[in-house]
Number of protein chains: 2
Amino acid sequence: MARKATIRDVSLAAHVSVTTVSRYLNGSIRLPAETIQRIDDAVKALRYTPNPLARSLSRGKSETIGLVIPEIANPFFARLAASVEATAAERGYGVLLCVTLNNVDREIDYIRRIESKQVDGVLFSTNHPDDGRLLDALKDVPCFVLVDEDIAGADVPGVFAENRGGALEATRHIVEAGHRKIAMLSGPKKLLSAEERRLGFLDAIQEAGPGHDAVAIFDCAYTVEAGEAAAENLLRDHPETTAVFTGSDELFLGMLKVFRRHGVRIGDDISVVTCDDVEPLALFEPAITALRQDLPQMGRQALDLLISTIAGKPVPERHILVPMELMKRDSVRPPRRRARLR
Amino acid sequence: MARKATIRDVSLAAHVSVTTVSRYLNGSIRLPAETIQRIDDAVKALRYTPNPLARSLSRGKSETIGLVIPEIANPFFARLAASVEATAAERGYGVLLCVTLNNVDREIDYIRRIESKQVDGVLFSTNHPDDGRLLDALKDVPCFVLVDEDIAGADVPGVFAENRGGALEATRHIVEAGHRKIAMLSGPKKLLSAEERRLGFLDAIQEAGPGHDAVAIFDCAYTVEAGEAAAENLLRDHPETTAVFTGSDELFLGMLKVFRRHGVRIGDDISVVTCDDVEPLALFEPAITALRQDLPQMGRQALDLLISTIAGKPVPERHILVPMELMKRDSVRPPRRRARLR
DNA sequence: CTGAAAGCGCTTACAG
DNA sequence: CTGAAAGCGCTTACAG
């Protein structure tokens with residue numbers, strides 16, 4: 001492959017200065033038609049495309065954002081990433097992907113890349129409670145937007161699901177089907193989504209009034225394994241339970257495995273609503289009712305918020321709450337009389 | 001935020017030349033302990049980190065690779081991306097993510113970024129038959145590795161699943177359960193995975209000998225909708241079918257919807273094996289037997305192949321075939337006698 | 001061994 | 001309106 005053409009080559013071939021070529025290509029100049037022609041010809045003949053690295057270095061911005069997420073194989077974050085990437089592409093931004101697996105060093109590494117101008121800003125999603133290091137690394141960092149989960153004490157813009165309201169609605173739906181003994185497999189303590197959903201769950205129980213019990217609330221990591229463990233405990237210690245609200249698809253999937261092992265049938269023996277709805281829950285039998293996160297909206301809004309910050313625009317709402325939608329399917333049914341799970 | 005420190009600031013503070021700082025930081029020089037101390041102190045005091053943009057421009061490489069995939073919300077590509085990103089991080093490479101939705105312009109855009117040095121190389125996955133434009137854009141492009149699907153006529157290194165052998169094994173498994181009337185929902189014509197799996201499927205039918213029929217082979221896009229359409233046709237036109245091999249999880253999911261609608265029970269009425277195994281198929285009832293792609297291996301091998309190419313190392317095998325694994329579960333059972341789907 | 005200087009490929013304030 | 005020159009922040013061949 002021949003050496004790649006530079007702006008200098010174009011200027012030589014078109015008999016104009018480098019300055020003129022640069023200005024013309026960036027649209028900051030009006031030129032006689034004839035000059036334009038010469039430049040266009042040269043660009044075409046040399047197959048010239050600007051070097052984005054040089055441009056970034058010179059301009060001080062890279063037209064690239066960093067997308068920092070805990071996982072990508074997880075469909076939740078994969079969908080979030082899809083929305084972010086699509087919006088970024090529309091806006092002319094590239095996306096540097098960083099999968100942290102909740103490793104704080106990697107998280108901090110990417111925050112640093114804002115200062116070093118490698119990225120113009122970072123969209124950040126973290127899945128573990130902060131021990132203070134994140135908060136520390138965030139000092140004076142501009143152009144940083146959180147999505148999905150919060151960092152305690154951080155005064156940064158962010159986009160989150162309307163977790164509490166969503167959980168309230170989901171639990172209400174369970175209550176309205178006639179359930180009185182309801183359990184929750186909740187996410188990890190100190191995580192915004194878990195805390196808020198727990199509150200929404202309790203709101204609904206309280207609203208339902210006397211006779212309605214939050215039988216048990218398990219704090220779990222958002223994993224299939226944690227869902228299994230909690231479900232085993234639930235069956236053993238709380239057989240009076242007739243409905244469960246699970247805080248994520250993973251927790252639901254783990255619980256489902258346990259129910260299968262013990263012959264507990266969803267719908268018939270126990271009602272279920274889960275959060276997320278990123279797995280093909282509509283194709284399970286029965287189809288699973290789920291509180292869906294509007295990932296397309298969250299990704300889009302978060303990216304636009306970030307771009308506004310990068311552009312230095314005043315940001316009216318620093319915290320955007322995106323509504324969740326309850327997808328009513330077939331896993332919530334009236335409880336059987338005197339039902340017991342064992 | 002104060003202006004970010006540059007190498008110049010460090011050199012001033014440490015009373016050495018910029019050259020020395022650069023060399024020391026890059027490990028290409030041995031220095032007296034005392035000088036080292038001064039530089040380290042300056043770096044720490046100024047919170048200096050090198051500007052990667054400037055470094056890349058100067059060195060002519062960016063330590064970044066482009067990952068070009070058709071989709072990211074699709075769990076198949078999400079898992080591939082997870083493996084690629086993890087390996088890249090280990091090797092010290094950043095990942096610029098490009099989701100093309102099979103848009104050729106976006107594909108070509110990213111190929112161009114190799115020439116412009118924004119990325120050192122590209123890992124490329126495309127999901128549509130090439131009309132020649134891709135092949136054209138690939139001329140003289142170095143540091144390009146294909147993964148999962150091929151581009152017809154392109155003489156570039158690549159990593160693929162052992163599709164034919166896998167399909168042979170999967171279909172053999174169906175035959176061994178006693179099936180004689182077997183259909184296939186295949187992927188799009190001209191796509192490597194589809195062509196190869198079709199061949200493997202036919203290999204097995206032929207091997208099974210007289211009395212064994214490939215009842216029908218449907219060429220489908222790899223989508224749920226295409227799976228639905230094909231399954232409707234299958235039920236209508238080929239009720240003698242007792243087993244189906246589907247070429248992707250999406251096709252399977254589409255077919256499943258149709259089976260549900262028509263009351264056809266997997267396992268009892270019809271046996272099924274699908275490809276990919278990226279959906280939670282083990283949790284379906286019955287658990288679905290699937291030909292699993294080893295995405296972690298594919299991503300890792302592809303990235304290492306790319307890095308070798310970037311480093312200019314001779315690459316012994318330009319085409320790497322990664323074995324598939326048949327996950328035997330519960331969706332293949334002996335056919336019922338005189339079974340008819342309608 | 002050390003450092004001044006050129007160069008990577010752009011953009012843009014400044015002068016003509 | 002146009003262009004020579006400085007600058008973005010590094011690396012490295014070259015000279016001392």
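A, B, ... follow the sequence lines: proteins, then strands. Residue 1 opens every chain.
Closest-nucleotide positions on DNA chain C for Arg59(B) and Val16(B) were compared, and the one nearer the 5' end corresponds to Val16(B). The nearest heavy atom of DNA chain C to Ser17(B) and to Val18(A) marks one nucleotide each, and the one closer to the 5' end goes with Ser17(B).
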Check: residues 145-152 of chain A side-chain donor-acceptor pairs under 3.5 Å, at least two apart:
residue, atom, partner, partner atom, Å
Glu149(A), OE1, Leu192(A), N, 3.2
Glu149(A), OE1, Ser193(A), N, 3.0
Glu149(A), OE2, Ser193(A), OG, 2.5

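When the salt bridge (charged side-chain N to carboxylate O under 4.0 Å, His left out) test is applied to Arg59(B), no partner is found at least two apart in sequence or on another chain. Scanning for salt bridge (charged side-chain N to carboxylate O under 4.0 Å, His left out) contacts around Asp109(B) gives Arg113(B), with sequence neighbours left out. Every side-chain contact (heavy atoms from CB on, under 4.5 Å) that Asn102(B) has, sequence neighbours left out, goes to Pro70(B), Thr100(B), Glu107(B), Thr126(B), Asn127(B), His128(B). Considering only residues two or more places apart in sequence or on other chains, Glu34(B) meets the salt bridge (charged side-chain N to carboxylate O under 4.0 Å, His left out) condition with Arg38(B).
Reading DNA chain C from its 5' end, the first and the last nucleotide to sit under 4.0 Å from a heavy atom of chain B are dT2(C) to dG9(C).
For Arg47(A), the CZ atom sits in a loose shell: 12 or fewer heavy atoms of surrounding residues, nucleotides or ligands are nearer than 6.0 Å.
Under the 3.5 Å distance criterion, with hydrogens and angles disregarded, no donor-acceptor pair is assigned to the side chains of Thr19(A) and Ser22(A). Residues Asn51(B) and Ser116(A) bring no donor and acceptor atom of their side chains to less than 3.5 Å of each other.
For DNA chain C, the neighbouring residues in residues 19-31 of chain A, judged by any heavy atom under 4.0 Å, are Thr19(A), Ser22(A), Arg23(A), Asn26(A). Residues from residues 34-53 of chain B that place a heavy atom under 4.0 Å from any atom of DNA chain C: there are none. Near DNA chain C, defined here as any heavy-atom distance below 4.0 Å, the residues from residues 6-15 of chain A are Thr6(A), Ile7(A), listed numerically.
A salt bridge links Asp155(A) with Arg318(A): the closest approach of a Lys/Arg side-chain nitrogen to an acidic carboxylate oxygen falls below 4.0 angstrom. A salt bridge links Glu85(A) with Arg106(B): the closest approach of a Lys/Arg side-chain nitrogen to an acidic carboxylate oxygen falls below 4.0 angstrom.
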Checklist line | Base-pair map of DNA chain D as dot-bracket, where | denotes pairing with a different strand and pairs are Watson-Crick or G-U under 3.5 Å | finding: |||.||||||||.|||
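Contacts classified as ring-ring contact (aromatic ring centres under 6.0 Å, His included) and involving residues 140-159 of chain A (residues at least two apart or in different chains) are given here: Phe124(A)-Phe144(A). Sorted by first then second residue, the salt bridge (charged side-chain N to carboxylate O under 4.0 Å, His left out) pairs that include residues 6-20 of chain A, not counting sequence neighbours, are Arg3(A)-Asp9(A).
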